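What follows is a set of notes on a single structure, which appears directly below.
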Protein chains: 2
Amino acid sequence: MAEEAHGLGRHTRQRLQVTALLEETDEFRSAQRLHEMLRARGVPVGLTTVYRTLQILSDAGEVDVIRLPSGEHLYRRCGAGRHHHLVCRHCARTVEIPGPGVEQWARRIARQHGYVDVAQTLELFGTCADCAAQGRT
Amino acid sequence: MAEEAHGLGRHTRQRLQVTALLEETDEFRSAQRLHEMLRARGVPVGLTTVYRTLQILSDAGEVDVIRLPSGEHLYRRCGAGRHHHLVCRHCARTVEIPGPGVEQWARRIARQHGYVDVAQTLELFGTCADCAAQGRT
DNA sequence: CCAAGTTTCGGAAACGGTTGTCATTATAGT
DNA sequence: ACTATAATGACAACCGTTTCCGAAACTTGG
């Protein structure tokens, strides 16, 4: 029993490759992009498996997920604790924003109106300093 | 020229029916649901037209749109001013939350990190008092 | 009222990211 | 190693949404 105490399943080659790739940078990337990158470096992995692995990781709280207006999901290895994200809409550069303030606010608002079991979605999108300097709108 | 000063197109029967239906309640409803409801009451309107109309209305700021985790869009006639929503995840009962506080907070955070042109997504989901009383989790 | 020019309609097909299917393959406890 | 069990992955299905495009309905000038 060297494994299986972390809420994830088995340590397969594919999952190790996905998590390793996620460790390399802290940019948000789509499942399809991660899949491409793995194939490009000669790792034979199926798109389905990438999706499933990311699902598992996000369920386990190991990665953060955001949804673009277009509907696609972006994934990133997760910092500790609850937080939100300030994401550049051009280059996906991301800053983590500590969350407690907003969450307390949300809980208070909800209680005032008799709502329980509150969840929230909060993401900030903007143009980072570099992209703004390059004239990207 | 009795029309055309509101950013919407012509006042067609279909668009009037959609906006009339939106006026009836302030629940969030999906395009498909609105379409069903119109057909059910004998209004012959195409699903495409419902989607287009809702697109136009939301571009014009006449309706609010939220996106469920599943990816579908829900529409509701719009209150004045910037605000967010506290939505019951079971019955879609909705409370409008005035937005200024959060928006100022967002702008300040963004500026601290050199980001400009900030946009935000914020929705609160919870279980309303009635649904909680009926034991819905 | 008629004709020409626009706008809108709406059924059907396309789209795109995601999830399901299921036979094959790999993993890990014994 | 052996075996039960979980994971893989090519492919197809899904599902809300958008696009296409010919037909129908307005609008406007004459």
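First the proteins, then the strands, lettered A, B, ... as listed; each starts at 1. Reckoned from all heavy atoms, side chains included, excluding hydrogens, waters and symmetry mates. No experiment lies behind these values; they were computed from the predicted model shown.
- Over its full length, the helix from dC1(C)-dG30(D) to dT30(C)-dA1(D) turns its helical axis through 30°, comparing axes from the five pairs at each end and rounding to 10°.
- Atom CD of Q17(A) and atom C1' of dA26(C) are 15 Å apart (whole Å).
- The shortest distance between the side-chain N/O atoms of R13(A) and the OP1/OP2 oxygens of dT27(C) is below 4.0 Å.
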Report all side-chain donor-acceptor pairs from residues 15-28 of chain A shorter than 3.5 Å, counting only partners two or more places apart or in another chain.
from	atom 1	to	atom 2	distance (Å)
T19(A)	OG1	R15(A)	O	3.0
T19(A)	OG1	L16(A)	O	2.9
E24(A)	OE1	R41(A)	NH2	3.4
E24(A)	OE2	R41(A)	NH1	2.8
T25(A)	OG1	E27(A)	N	3.3
T25(A)	OG1	R29(A)	NH2	3.4

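- Rounded to whole angstrom, the span from the CG atom of L16(A) across to the C1' atom of dA26(C) amounts to 13 Å.
- The listed nucleotides are dT27(C), dT8(C), dT8(D); the one nearest the side chain of R10(A) is dT27(C).
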Which side-chain N or O atoms in residues 83-96 of chain A pair as donor and acceptor under 3.5 Å with protein atoms at least two apart or in another chain?
from	atom 1	to	atom 2	distance (Å)
H83(A)	ND1	G81(A)	O	2.7
H83(A)	NE2	D64(A)	OD2	2.6
H83(A)	NE2	H85(A)	NE2	3.4
H85(A)	NE2	D64(A)	OD2	3.1
R89(A)	NH2	D117(B)	O	2.2
R93(A)	NH2	D130(A)	OD2	2.9
T94(A)	OG1	A92(A)	O	2.8
E96(A)	OE2	R76(A)	NH2	2.6
E96(A)	OE2	G79(A)	N	3.4

Check: When you check every protein heavy atom under 4.0 Å of nucleotides 10-21 of chain C, what one-letter string (B, S, -) results, 5' to 3'?
Finding: BBB----SBBB-
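- Remark: L38(A) CG to R33(A) CZ distance equals 11.5 Å, nearest 0.5 Å.
- With a 4.5 Å cut-off between side-chain heavy atoms of Ile, Leu, Val, Met, Phe, Trp and Tyr, the cluster of V116(B) takes in none.
- Atom CG of L57(B) is separated from atom C1' of dT8(C) by 15 Å (rounded to the nearest Å).
- An OP1 or OP2 oxygen of dT8(D) is reached within less than 4.0 angstrom by a side-chain nitrogen or oxygen of R15(A).
- Residues passing the salt bridge (charged side-chain N to carboxylate O under 4.0 Å, His left out) test with E72(A): none are found, sequence neighbours excluded.
- Across the protein-nucleic acid pair, L34(B) atom CG and dT17(D) atom P stand 11 Å apart, rounded to whole Å.
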